[in-house]
Trainee: 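My questions will all concern the structure given below.
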Amino acid sequence: MKTLWSMLCLSLCIAVVGCGGGGKAEIKEDRLTVGKVQGEIKVGMPASQVAELLGSPNIVTTDENRREVWIYDKVSTDRVDTASSSYASIIILGTRSSDSSSSQRQRTLTIIIKYDEEKKVRDFAYNSTQF
């Protein structure tokens, strides 16, 4: 009996410890939005602040004057599945029918941020599509 209680307590302790957050890194899915670019990115802003707001860019390149250009490119797909079914039963005869449909929407967001020699935003542009 004592062993059973000891095993039960040990199992409970392991379960409680396993449920803790454990310092997992959280990934923010919706960091890139048109509103964030329009409202928070400003000319003269340092690159470090842009990285805090938007995260790491997908592409880093340089222009003809060797100034950095950061490109963020996000593609997201939303899929909605709908299903309806009906079932009718008569004493001997039963019928069943089901209909299903799905729709898909894809969105893209491309942000281009150009920096000056001091790594401050000198210009930025964005393009958003939905189809």
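Here the structure is a predicted model, which is why all the values come from computation and not from measurement. In what follows, every heavy atom counts, from backbone to side chain, and hydrogens, waters and symmetry copies are set aside.
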Trainee: Could you tell me if the side chain of Glu40 sits less than 4.5 Å from the side chain of Leu54, heavy atoms only?
Mentor: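 With C-beta onward as the side chain, the pair stays apart.
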Trainee: Taking all atoms of both residues into account, what is the closest heavy-atom pair of Arg67 and Tyr115, and its distance?
Mentor: CB-O, 3.2 Å
Trainee: How would you list all residue pairs meeting salt bridge (Lys or Arg N to Asp or Glu O under 4.0 Å) that involve residues 120-131, not counting sequence neighbours?
Mentor: Asp63-Arg122
Trainee: Drop me the distance from Arg107's CZ to Thr129's OG1, to the nearest 0.5 angstrom.
Mentor: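 It is 10.5 Å, given to the nearest 0.5 Å.
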Trainee: Less than 4.5 Å apart, any side-chain heavy atom of Lys42 and any of Val121?
Mentor: no
Trainee: Can you see whether Thr110 engages Asn127 through a side-chain donor-acceptor pair at a distance of less than 3.5 angstrom?
Mentor: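 Asn127 and Thr110 do not have a side-chain donor-acceptor pair below 3.5 Å.
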Trainee: Mind checking whether Tyr72 and Trp70 have parallel, tilted or perpendicular rings, split at 30° and 60°?
Mentor: perpendicular
Trainee: Quick one: list whatever passes side chain to side chain donor-acceptor pair (under 3.5 Å) with Ser102, sequence neighbours left out.
Mentor: none
Trainee: First locate atom NZ of Lys74, then atom CD1 of Ile111, and finally report the distance between them rounded to the nearest 0.5 Å.
Mentor: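 Those atoms lie 9.0 Å apart.
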Trainee: I want to check something: taking the side chain as every heavy atom from C-beta on, are Phe131 and Gln106 in contact at a cut-off of under 4.5 Å?
Mentor: yes
Trainee: What distance separates Gln130 CD from Leu109 CG, expressed to the nearest 0.5 Å?
Mentor: 12.0 Å
Trainee: List, by chain and then residue number, the residues other than Ile59 in its hydrophobic cluster (Ile/Leu/Val/Met/Phe/Trp/Tyr, side-chain heavy atoms under 4.5 Å); write none if there are no others.
Mentor: Val69, Ile71, Ile112
Trainee: So how far is it from Thr77 OG1 to Arg105 CZ, rounded to the nearest 0.5 Å?
Mentor: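 CZ of Arg105 is found 10.0 Å from OG1 of Thr77.
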Trainee: Out of curiosity, Tyr126 OH to Lys36 NZ, how far, rounded to the nearest 0.5 Å?
Mentor: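 With rounding to 0.5 Å, OH (Tyr126) is 15.0 Å from NZ (Lys36).
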